[in-house]
Every structure is written in structure tokens, then in C-alpha cells.
Participant: 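Supplied in C-alpha cells, the structure appears directly below.
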Number of protein chains: 2
Amino acid sequence: MAGTRDGGNGSGGTKPVARRLLATATRLFAEQGYDRTSVQEIVDAAGVTKGALYHYFGSKEDLLQEVYSRVLRLQQERLDAFADADAPVEQRVREAAADVVVTTIENLDDASIFFRSMHHLSPEKNKQVRAERRRYHERFRALIEEGQRSGVFSTATPADLVVDYHFGSVHHLSTWYRPEGPLSPQQVADHLADLLLRALRP
Amino acid sequence: MAGTRDGGNGSGGTKPVARRLLATATRLFAEQGYDRTSVQEIVDAAGVTKGALYHYFGSKEDLLQEVYSRVLRLQQERLDAFADADAPVEQRVREAAADVVVTTIENLDDASIFFRSMHHLSPEKNKQVRAERRRYHERFRALIEEGQRSGVFSTATPADLVVDYHFGSVHHLSTWYRPEGPLSPQQVADHLADLLLRALRP
DNA sequence: CACGGCAGACTAACCAGTCGGTATGTGGAA
DNA sequence: TTCCACATACCGACTGGTTAGTCTGCCGTG
């Protein structure tokens, strides 16, 4: 039934038109929100028609989910790499905390869609996204707990709350960060990671 | 032209029906999002008809703006009170930081609407809301800067970023906080304020 | 009787998704 | 080489359904 439809598969060879459609949709969703963006607008901006869009994607919602899974995959991979590295906990946390800030800023459109439009997904897809998000959260929490057990981090705050505290600031980036501002992504990331580490000092 | 329309004025004597409509709309917007909630749903849930709603409000968007201005008014008042108090900076920051967490949790519906649906407002109204938010932000920043100047807070991070860091976590509350969870609003608030203060230690 | 408060049918606009049709490309048989 | 069969890629008019907002009129109260 799916024909050439591009479900939500791995990475590899997506067709140029499909890629352009997804990129255009991402931009428009970020600018105007999911509900305020019509399928017609997307195909017009991408220079094709509805026939093309529905040839590659099953529904408007599928476009949204594609954005999510791309972001989640990317960030999970990066977190795993930093967490598994061979370095002191303190440094691994700092690098992971800073990295998620940089990649979030570099994909600010995806991020703002992610945090603003998740509730537009159908219950099943929403559940799936939440599960992936939890996996990410747990991985980060484990890292904090490791530091707390080994005594380099304070145990004054439950690790769960610490993670939510930091990801709050990441979440918030799309609200206030502007590329034309005075701070580079890396500078912002270093500051935010520093705040986290300072808060965790015993 | 406005007749009995309730623009977006002060506090005082709003009619019961108008209050019920606003409360119902707030709940539905928080549950389903602004765009996914039809005016028909709101009036059905409130036990009236469209005639009543458009008698008291000029448009669906006006309902949204009412939610915003109520929250902003409340939080600005409280921040001013804490900031103007006669106490050491450290304590004033701690109390203000904790208070905004408590009041956000106590009005979690308003908060999630606020952070998720601001982009649904028309440009003018959006601008107005942003201006009020900036006022709030600046007040908080001034407090941090005062502490930095007097040496009780580290100057390692620009005050602006510190404010965004903390409000990120406040913003984020509506994503993860659940009333049935293990922590009371006050406990969460104390933890988050503590994290902020610990991060600011010189 | 005048008017605020509200009912509810109505309208004009819009939108996601469908579907029959067309163009382009590819591989194999004659 | 020519021609046919078939699939992929895409077009765009159309449909069924929904929505915000309007408008006419009723009804109880002062």
C-alpha cells in the first residue's frame, strides 16, 4: 500500500524532491506553526504540487514526525558518543551538556518545532517520540548519577531535576537565541555547560 | 463598537459567564492546543452558545490574549514585591526564583498555553506580550546584576544568560511536572532556586 | 418598552487528502 | 534499432468536512 512512500526509515538515499519538501516544511512549520501551515503552502514554496508531496509522504503528520526522528536520532547518537568516551565524568558531562546546546542552535528550526508542536502528533506517534525522548533523558541522568556517586557532583538535588533543569535551558533556546546576537553557539554552549557544572559543585 | 466587550482591561467585575468562558477556554487550550480547539467546543463545554462568547469577547484570539495578560500581570506583581523587599540580594533572588516556579506550577495550564501558543497571536498582540515579558526579564536581570556588582554572585556568566537559564527551567515545567509526582511545587521550587544560587556562587 | 444578554442558524473561506490522468525512463523482445 | 510494457514521478481539479465569525431575533428585567 505504501508504494514508494518513505515511511520514516533510516538515513540513506532520499530523493531530492522529498528532501526539498521536508526542508521547506521544516522552515514553514518553524515560522508559522504546524496548524497554520497548509499543505498547499508547503508545495507552493517547494515548487511542486500536492501530488508530489503525497507521493513521498503518507500525510501532513508524517512530515512532522520526520523532523522529530531526525533530531532525536542525531542527538541520541551524539550523547552516546560523549557519554561513552574515556574521560573523567566531569568532562564528559560538560562536553555532552555543551554539545546538545550547539546542535540545538544549529538546528533551531527543528528544535522549535519539536518543543512547540509535539502535541500535534497522533497519540501513537506521540507515545513513540516520548519514549525516545525518555531514553535520551535517562542516559543523561545516568551520567549525572555517576558523578554524584563518585563524589565529584553534589547530591543536594535529585539527578532527575538536574537533567530537567539543564534541558529547560536547551528547550528555551529557540525562544531567545538569535544568530545575529553577540554570542556564537559555542560561546552560549560553554556558558550553559559552565552554569550546570557550577551548580553541581559539591 | 465594543459594546459590552471586555477588551483586556483590569481586574474587577467580570461577569460570571465571561469568567466561565475564559476558564473553559484556558483548560481546553492547554489540553489540545489553541488551533485544535474550536470555538464551538469552548461554548459547548461552558454550557452557552457562540452568541454569548462573541458578546463578551471580540475574537478567539482575544481569549488567548486574556490568558497571557492575566499571567503576566500576576507574575510581574510578585516579582516586583520580592525584588523591592528589604533583604540581602541573595535572599531576594532565591525567593523570587522560587516564587515564579511555585506560581507557574499552580497555573500550569496558563503556563503551557503561554509558552506553546504565543506564536498564534497576531503580530501586534505578540509584540505587546513580548514587551511585557521583556520588562519582567529586565527586572530579574537587574537583580542578578546587583548581586554581581556587590560581589555575592560570580560574574563568570553574563546576567542575561543566567536569567534565560533559569527561565528555561520554568518554561520547561509544563513539559515534565505532574501534580501526582513525588515533589510538591514548593519542593521543586526550592530545588530549582538552589541550583540557580549554587551556579552563581563565586 | 427599551435594552443588555444571549440563542442558534447561516455564510464564506479554507483545508487535508483523493484520484484519474500525463510524462518520463527503463528493460526486453522482435 | 525500434517498439512495446510497465513502473515511477508528478500534476491539479475536486470533495467532504470543518471553522471563525455574523446576524437576526427572542426574552426577561428594570
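Just so it is clear: chains get the letters A, B, ... in the order the sequence lines come, proteins before strands, and each one is counted from 1.
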Participant: What is the distance, to the nearest angstrom, from the OH atom on B:Tyr54 to the P atom on C:dG8?
Facilitator: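 Value for this atom pair: 17 Å.
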
Participant: Polar atom pairs between nucleotides 26-30 of chain D and protein, under 3.5 Å, N or O only, would you list them?
Facilitator:
none

Participant: Under the salt bridge (Lys or Arg N to Asp or Glu O under 4.0 Å) definition, can you give me all pairs with a residue in residues 22-38 of chain A, not counting sequence neighbours?
Facilitator: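 Listed once each, the pairs are A:Arg27-A:Glu31, A:Asp35-B:Arg36, A:Arg36-B:Asp35.
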
Participant: If you find the nucleotide of DNA chain D closest to A:Ala52 and the one closest to B:Lys50, which residue's nucleotide is nearer the 5' end?
Facilitator: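 Result: A:Ala52.
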
Participant: List in chain and number order the residues that pass side-chain contact (heavy atoms from CB on, under 4.5 Å) with A:Arg92, two or more places apart in sequence or in another chain; answer none if no residue qualifies.
Facilitator: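 side-chain contact (heavy atoms from CB on, under 4.5 Å) list for A:Arg92, sorted by chain: A:Ala85, A:Ala87, A:Val89, A:Leu143, A:Glu146.
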
Participant: Are A:Asp194 and A:Arg94 ion-paired here, with the side-chain N under 4.0 Å from a carboxylate O?
Facilitator: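 Yes, this pair counts.
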
Participant: Can you name the side-chain contact (heavy atoms from CB on, under 4.5 Å) partners of A:Phe115, sequence neighbours left out?
Facilitator: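 In terms of side-chain contact (heavy atoms from CB on, under 4.5 Å), with neighbours along the sequence ignored, A:Phe115 is linked to A:Ala111, A:Arg133, A:His171.
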
Participant: Flag the pair A:Arg141 and A:Asp164 as a salt bridge only when some basic side-chain nitrogen lies within less than 4.0 angstrom of an acidic carboxylate oxygen.
Facilitator: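 Looking at A:Arg141 and A:Asp164, the cut-off is not met.
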
Participant: Starting at CZ of A:Phe57 and ending at C1' of C:dT18, how long is that distance when rounded to a whole Å?
Facilitator: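 Between C1' of C:dT18 and CZ of A:Phe57: 18 Å.
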
Participant: Can you check the B:Lys60 NZ to D:dT22 C1' distance for me, whole Å?
Facilitator: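 Nearest whole value for this atom pair: 17 Å.
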
Participant: Going by side chain to side chain contact (heavy atoms under 4.5 Å, CB included), B:Ile42 matches just one of B:Leu22, B:Thr26, B:Leu28. Which one?
Facilitator: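 Only match with B:Ile42 under side chain to side chain contact (heavy atoms under 4.5 Å, CB included): B:Leu28.
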
Participant: For A:Leu21 and C:dG17, give me the distance from atom CG to atom P, rounded to whole Å.
Facilitator: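 Value for this atom pair: 14 Å.
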
Participant: Reckon A:His55 has a side-chain N or O less than 4.0 Å from the OP1 or OP2 of D:dC10?
Facilitator: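 No, because none of the side-chain N or O atoms of A:His55 sits under 4.0 Å from OP1 or OP2 of D:dC10.
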
Participant: C:dC6, C:dG17, D:dC11: which one has an atom nearest the side-chain heavy atoms of A:Thr49?
Facilitator: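 Within the option list, the nearest is D:dC11.
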
Participant: So, A:Glu132 and A:Arg135, do they make that salt bridge, N to O below 4.0 Å?
Facilitator: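 No.
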
Participant: Tell me: CG of B:Asp62 to P of D:dA20, nearest whole Å?
Facilitator: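 So the two atoms are 14 Å apart, to the nearest Å.
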
Participant: Rounded to the nearest angstrom, tell me the gap between atom OH in A:Tyr56 and atom P in C:dG17.
Facilitator: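 The answer, rounded to whole Å, is 19 Å.
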
Participant: In sequence, state the C-alpha distance, the side-chain angles, and the governing distance for B:Lys127 and B:Glu124, and then conclude on salt bridge (charged side-chain N to carboxylate O under 4.0 Å, His left out).
Facilitator: CA-CA 5 Å; B:Lys127 206 172 146 193; B:Glu124 326 126 54; over 6 Å; no

Participant: What is the distance, to the nearest angstrom, from the CG atom on B:Leu53 to the C1' atom on C:dA7?
Facilitator: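 In whole Å, C:dA7 C1' and B:Leu53 CG are 13 Å from each other.
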
Participant: Which of residues 30-43 of chain A have a heavy atom under 4.0 Å from DNA chain C?
Facilitator: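 Contacts with DNA chain C under 4.0 Å: A:Thr37, A:Ser38, A:Val39.
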
Participant: With sequence neighbours left out, which residue pairs that include part of residues 165-185 of chain A fulfil the salt bridge (Lys or Arg N to Asp or Glu O under 4.0 Å) condition?
Facilitator: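 The answer is none; no pair qualifies.
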
